Colleague: 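Can you read through this structure? Questions will come right after.
The structure presented is a predicted model; accordingly, all values stated were derived computationally and were not measured. Just so it is clear: chains get the letters A, B, ... in the order the sequence lines come, proteins before strands, and each one is counted from 1.
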Amino acid sequence: MRRWSAALAVAAVVLAAGCSGGGGDGGDAASDGPVKLRFLSLAWQKESIAANKQLVDEWNTANPKIQVEYVQGSWDNVNDQLVTSFEAGDPPDVIHDDSPALSGFASRGFLLDLSSTLPAELKGDIPQAAWDTVTFGDGKGGQGVYGVPFLQESQVLFANKKLLDASGVRVPTSDDPWTWDEFAAATKKMTKGGAYGVAWPMKSPVNKVLSLGLNFGGTFFTTEGGKTTVKVGPEEREVLRRIHDQLHKDKSADPSALGMGTADPLPGFFAGKYAIVPAGVYLRQQVAEQAPDGFEWVTLPPLKGVTAQQGATSQTLSVAADSKHPQESVKFISFFLNGPNQARLAKGDWLLPTSTAAAADPAMTTKDNFWDVATASAKNLVVAPYLKVNGYDEWKSKVGTPTLQEYFAGKISLDEAAKKLVEEGDKVLERYAQ
Amino acid sequence: MTLTDVRPARAGRGPAPNRARNRDTFMLMLPALIPVLVLSVGPLVYGIMLAFTDARSGRNTETSFVGLANFGDLLTDVDFWESFRIGMIWAVSVTVLQFLASLGLALLLDQDLRLRGFARVLALVPWAMPPVVIGLMWRLVYHPDAGILNAVLGTDVDWLNDFSVALPAVILVGIWMGMPQTTVVLLAGLQNVPKELHEAAGVDGAGVWRRFWNVTLPQLRPVIVAITSLDFVWNINQFSLVYVLTQGGPGGRTRLPMLFAYEEAFRYGFFGYAATLGVAITIVVLAVLGVYLWRQMREAD
C-alpha cells in the first residue's frame, strides 16, 4: 500500500503544480518593465491595416513605458474568439469590435465600463448620438459605456453614371435625396437591354434591412416592462415590401444577386449589368480601385422614406474587464481615437469618423471619391433599436436571415415572413429574458 | 491504511500472490492511464455534468444544477431537430456515396494497371490536406464568378448560397474528402481476398459480375461494416468543413448538428445547453450504430 500512497502523492504534486501555474500570473504587474498591452485589431483593408499599425508604432515610440502589441483579428470569427478568451480570463486588453456585439459582452460583465474613465476631450469630440450606440445595460440593472465608437457606416447608392444620365431621372443631392418612390421609378426606367436597375446583395440581409427600416419608422423591436418582443407592423413592412416589389413586381432588381455578399455585384456593376448597387460607404474603396478605365460612377445619398434616418452601427474600441492595465488601455484608446488619428483611420477604411474634429478635416469633405456625399450622410445616423436587444445575434442568425432570404426569394409571402419573424423571434428572445 | 491491514486476514485463503501480481500490473499501467484519465475521461465527465446545468457564458454567472430541463428544452427545439435532420441527410448520403465511389476506386486500383503505384499515391492526396484547406480550396472551386466549376459547366450558379444546391454541393466535398481512408481500407481488404476463390469460381463458370457479387463482397463484409460505421460517426461529427465552406448558411440549410452546438456555446454562450446537445448527439449516434452493427452481425451469422 505504500506504493499506492506514493502514486497519490505524485498525482497531488502534479495537480498542485498545475494550479499554481495557472494562478501565478497576476504578480508581474508590479515589476519595473514596461506595461504590455495587446490590441486586437480587425482592420482588413490594406490602407486601413497600414494606418492602424502606423498609429501603434507612433504610440510605442512616444510611450516607452506602455508598449502596445498589434494583434490581427478577423471580422469573420472575432466574437467566437472573444468568448473563448473572455472565458479563459486572458482577453486582449484593447478590443476592436462593433456596437451590435458589445451589448451581449457588456451584460455578461466582460467589458469595462468606461463612463467615468474617459478624458473629457475625447468625450466632447464625439457626439452623444454615437455614444448612445455603445451604452448598454450591465446585466445588473445599471447602464454603462462599453466602448469608444469611432467609425460609422451609412448605406448609400452606387450608380453607373452613364446609365443614370441616359435614363433622364433627377439626380439626387444630399439636400434633396431620392424618395423610395423615386428610387423605384428610376430603377424601373434603367431596367432595359438586359440590364437591371438595381442589384440587392442579400447574403446578410438583416442589418441592412433593419437599418433601412427606420426610413419609415420601422423599429422591429419594442420593449415594454423590461420585456423585448419582435414587432413587424405596417412601418416595418414598408421597406420589405418595396424591395420585394423591385424583385418580383417591377422586375427591376436582379434576383440572382440575392445570394451575393456586399462586394460581389461589383463585376456586374462594372460590366453595366446593374445600374445601381446599394451598399455601405466603405465600398467606395473597392469601386474606386477596381473600376475599369473609363467607367464612371457616382455615389448617391441615402434614400428617404418618411425620414432619411438609418440605424447607426459603430466600430468600437473597448477595454476588457479582465485587463490588468485598464488605465493604460484607456490612455492608448484616447490617443488612438483623437481627431487627427480618427481622420487617418476613416481614410484608411473609407468610413465615417464619429469625431467632430475629424469630420471637419478637409479630406472628409472633398468631392474626390464622393467623401462629401458620404460625410453628409452621417447626419442621418441614429441609434437603431436592435442594438440594445439582448439575443439579437441569435435572432439574426436563426430567424432573421433565413426568413428574409426566403421572403426576398419569393418563397413565402409578407404575412408569413412577418409571422415567422415575430413568433419564432420571440421564442429566441425569451431565452435571454431571464 | 486500516483497510489494507484487514484485507490479508480476510483474504487469507485466496491466491495472494496472484493479487500482488495484479497490483503490479496496475502500477505499471498507471503512467499510461493518467493521461487518459486527465485528458480524455476527465473532460468527458465534465461535459456530461455540464449537460445537467444551466452554465452560461459570463463573468459573474452562477451555475446551478437543473436536472433534465435542458433535455426537455431540446425535445421542443425545432431548430435543433431541423439541424439534426440535415445532419442525418448529410451523414447517410456522404457515407453511402463515399463507400460506393471508394469501392469503385479500390477495385480499379486493385487491377494490374500501369503506374499503379503512382495512381495509389494520387488517391491518397486529399487525405494529406487539413479540412480547412480543403474547405478553402472548394470555396474557390464553387465561387460564382471566378470558380472553375461555373467556368467548366458554363453555368451561373452560386453553389454555396443557393437554398437548394448548397447542401448537395457540401455533400460532394464531404465525399471527396473522406474517399482516401475508405479507399485504402477497402483496397487492403480486397488484397486479402484469396485468389483461389476467384479461380475456383472462374472454373465453375462465374462471370466477372457474379464473382464480384458472390466472392468479393462476402469476403469484404467485415471490412465494409467497419469502415462504413467509422465513416458514419466521422461524418455526423463533421464540423470544420461546413464551418469553412458555408458557416451553416444559406439560412441554416447546411447547419450540421455539431456546428449548431458550437454556435450555442461559443456564439450565444449557452454552455450547458450545448453540452446537452453533445450528449444527445452521442446517444443517437450510438443507437443508430448499435442497430446497424447488430443487424450486420446477425446477417453474418
Colleague: For each of Phe266(B), Tyr262(B), Phe271(B), tally heavy-atom pairs with chain A at distances under 4.5 Å, and name the one with the top tally.
Modeller: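 Of Phe266(B), Tyr262(B), Phe271(B), Phe266(B) has the most heavy-atom pairs under 4.5 Å with chain A.
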
Colleague: Are Arg431(A) and Glu264(B) close enough for a salt bridge, meaning some N to O gap below 4.0 Å?
Modeller: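 Answer for the salt bridge query: yes.
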
Colleague: Less than 3.5 Å apart, which donor and acceptor atoms pair up between the side chains of residues 39-53 of chain B and the rest of the protein, not counting sequence neighbours?
Modeller:
residue: Thr53(B); atom: OG1; partner: Leu50(B); partner atom: O; Å: 2.8
residue: Thr53(B); atom: OG1; partner: Ala55(B); partner atom: N; Å: 3.3

Colleague: Checking Asp426(A) side chain against Val230(A) main chain: does a donor-acceptor pair fall under 3.5 Å?
Modeller: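 Confirmed, Asp426(A) side chain pairs with Val230(A) backbone.
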
Colleague: Answer with side chain, backbone, both or neither: which region of Ala409(A) has an atom nearer than 4.5 Å to a non-hydrogen atom of chain B?
Modeller: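 Neither part.
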
Colleague: Can you say whether Glu394(A) sits under 4.5 Å from chain B via the side chain, the backbone, both, or neither, judging by heavy atoms?
Modeller: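 For Glu394(A), backbone and side chain are both near chain B.
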
Colleague: Do NZ/NE/NH1/NH2 and the carboxylate oxygens of Glu263(B) and Arg255(B) come within less than 4.0 Å?
Modeller: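 So Glu263(B) pairs with Arg255(B) through a salt bridge.
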
Colleague: If the threshold is 4.0 Å, N to carboxylate O, is there a salt bridge linking Arg85(B) and Glu82(B)?
Modeller: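 The answer is yes: the pair qualifies as a salt bridge.
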
Colleague: Checking Thr61(B) against chain A: side chain, backbone, both or neither under 4.5 Å from a heavy atom?
Modeller: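 No part of Thr61(B) comes within 4.5 Å of chain A.
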
Colleague: Less than 4.5 Å to any heavy atom of chain B: does that hold for the side chain of Glu406(A), its backbone, both, or neither?
Modeller: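 The answer is both parts of Glu406(A).
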
Colleague: Just so I know, are the side chains of Trp200(A) and Val198(A) near enough to count as touching, which here means a heavy-atom distance under 4.5 Å?
Modeller: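 Yes, at least one pair of side-chain atoms sits under 4.5 Å.
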
Colleague: So which residue, Asp322(A), Thr401(A), Asn77(A), Leu82(A), ends up with the most heavy-atom pairs under 4.5 Å with chain B?
Modeller: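 Highest number of pairs under 4.5 Å: Asp322(A).
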
Colleague: Can you say whether Ser397(A) sits under 4.5 Å from chain B via the side chain, the backbone, both, or neither, judging by heavy atoms?
Modeller: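 Both backbone and side chain.
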
Colleague: Please classify the contact of Phe163(B) with chain A as side chain, backbone, both or neither, using a heavy-atom distance under 4.5 Å.
Modeller: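 Contact with chain A is through the side chain of Phe163(B) alone.
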
Colleague: Would you call Phe110(A) and Ser57(B) a side-chain contact if the rule is heavy atoms closer than 4.5 Å?
Modeller: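 In short, these two side chains touch, coming nearer than 4.5 Å.
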
Colleague: Side chain from CB out, backbone as N, CA, C, O: work out which of these in Asp80(A) comes under 4.5 Å of a heavy atom of chain B, or both, or neither.
Modeller: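 Both backbone and side chain of Asp80(A) come within 4.5 Å of chain B.
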
